[in-house]
Amino acid sequence: MTTIRNSIFAAAAFAAFATFGTASAHAAPGCGHASWYALTSKTASGERMNPAKLTAAHRSLPFGTKVKVTNKRNGKSVIVRINDRGPFIKGRIIDVSKAAAQNIGMVRSGTAQVCYQIVDAGNGKASGKGVKGG
């Protein structure tokens, strides 16, 4: 009886891990610290970074994903398209372009507490050389 109970528990734990482990690999929406950047180098997707466009960097969301970012202090929101990887500073969840930062009132401070949510998962195919857009 104990062996059967342990087997059932192990199977349930494995199923739960498989389900939630896969979901967390795609970065669930959340809240945290954001910053902005205005480089003109190439992004991880192969595009040239344009500070005037509404784009952002995220560690794991697929390129092309559109995300609504809301500044918790003032309630202002902007929709950005993920085209780069980052941020690479501990504790930050997203880097937005300068234009996006202006839209939500965080240029002067440089950083802000934000919440983000996915509004369009995109096609997830945009990566590497030859990617157009921005």
Side-chain angles (χ1 to χ4, degrees):
M1 184 73 164
T2 303
T3 304
I4 294 171
R5 190 177 310 138
N6 287 345
S7 297
I8 291 171
F9 176 76
F14 178 77
F17 177 75
T19 301
F20 295 117
T22 303
S24 66
H26 292 291
C31 298
H33 215 70
S35 54
W36 66 269
Y37 68 123
L39 304 173
T40 56
S41 58
K42 279 195 174 182
T43 65
S45 68
E47 295 177 41
R48 175 107 10 228
M49 168 50 167
N50 183 340
K53 302 265 179 148
L54 299 176
T55 58
H58 189 275
R59 286 185 190 94
S60 59
L61 288 174
F63 298 136
T65 302
K66 291 187 180 172
V67 178
K68 180 179 179 182
V69 179
T70 303
N71 185 331
K72 290 176 69 174
R73 183 180 52 81
N74 61 22
K76 293 182 178 182
S77 296
V78 65
I79 295 177
V80 296
R81 181 177 50 83
I82 303 298
N83 74 336
D84 203 1
R85 291 291 171 235
F88 299 111
I89 296 176
K90 186 178 179 180
R92 295 194 185 161
I93 60 167
I94 195 166
D95 280 338
V96 298
S97 65
K98 186 174 184 181
Q102 287 172 329
N103 275 275
I104 61 173
M106 63 175 270
V107 170
R108 191 171 199 177
S109 62
T111 63
Q113 287 292 322
V114 301
C115 290
Y116 72 91
Q117 63 186 58
I118 298 167
V119 294
D120 182 1
N123 63 15
K125 295 180 182 176
S127 65
K129 295 182 178 181
V131 176
K132 295 183 180 179

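For clarity, every value in this text was computed on a predicted model and none was experimentally measured. What you see below is based on every heavy atom in this structure, not just the backbone, and it leaves out hydrogens, waters and symmetry mates.
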>> Would H33 and Q113 count as a side chain to side chain contact (heavy atoms under 4.5 Å, CB included) here? Give the steps.
In response: CA-CA 5 Å; H33 215 70; Q113 287 292 322; 2.7 Å; yes
Rounded to the nearest 0.5 Å, what separation is found between the [atom1] atom of [X] and the [atom2] atom of [Y]?
X: S97; Y: W36; atom1: OG; atom2: CH2; value: 9.5 Å
X: L39; Y: K98; atom1: CG; atom2: NZ; value: 12.0 Å
X: Y116; Y: H58; atom1: OH; atom2: NE2; value: 3.0 Å
X: R59; Y: I94; atom1: CZ; atom2: CD1; value: 10.5 Å
X: K66; Y: I118; atom1: NZ; atom2: CD1; value: 13.5 Å
X: D84; Y: T43; atom1: CG; atom2: OG1; value: 5.0 Å

Of all the heavy-atom pairs spanning [X] and [Y], show the shortest one and how long it is.
X: K68; Y: V119; answer: CB-CG1, 3.8 Å
X: I93; Y: G32; answer: CD1-N, 3.3 Å
X: P87; Y: A57; answer: CD-O, 4.0 Å
X: S77; Y: T70; answer: OG-OG1, 2.6 Å
X: A99; Y: L54; answer: C-CD2, 3.8 Å
X: I82; Y: P62; answer: CB-O, 3.9 Å

>> Taking side chain to side chain contact (heavy atoms under 4.5 Å, CB included) as the criterion, tell me which of V67, T55, T65 meets it with R81.
In response: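 For R81, the side chain to side chain contact (heavy atoms under 4.5 Å, CB included) test succeeds with only one of V67, T55, T65, which is T55.
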>> Between T111 and R92, is there a side-chain heavy-atom distance shorter than 4.5 Å?
In response: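 Yes, close enough: below the 4.5 Å cut-off.
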>> Please enumerate all residues that pass side chain to side chain contact (heavy atoms under 4.5 Å, CB included) together with S109, with sequence neighbours excluded.
In response: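 Here the qualifying residues are M106.
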>> For N103, give me all partners under side-chain hydrogen bond (donor to acceptor under 3.5 Å, both in side chains), at least two apart in sequence or on another chain.
In response: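 Counting only residues at least two positions away or on another chain, N103 forms no side-chain hydrogen bond (donor to acceptor under 3.5 Å, both in side chains).
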>> Quick one, V69 with I104, criterion side chain to side chain contact (heavy atoms under 4.5 Å, CB included). Give me CA distance, side-chain angles, the key distance, then yes/no.
In response: CA-CA 8 Å; V69 179; I104 61 173; 4.1 Å; yes
> Is it the case that one hydrophobic cluster holds both Y37 and V80, taking links as side-chain heavy atoms less than 4.5 Å apart, direct or via other members?
Replying inline: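 In one cluster: no.
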>> Show every disulfide bond (SG atoms under 2.5 Å apart) that has at least one partner inside residues 29-78, sequence neighbours left out.
In response: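 Checked against disulfide bond (SG atoms under 2.5 Å apart) - neighbours excluded - the pairs reaching residues 29-78 are C31-C115.
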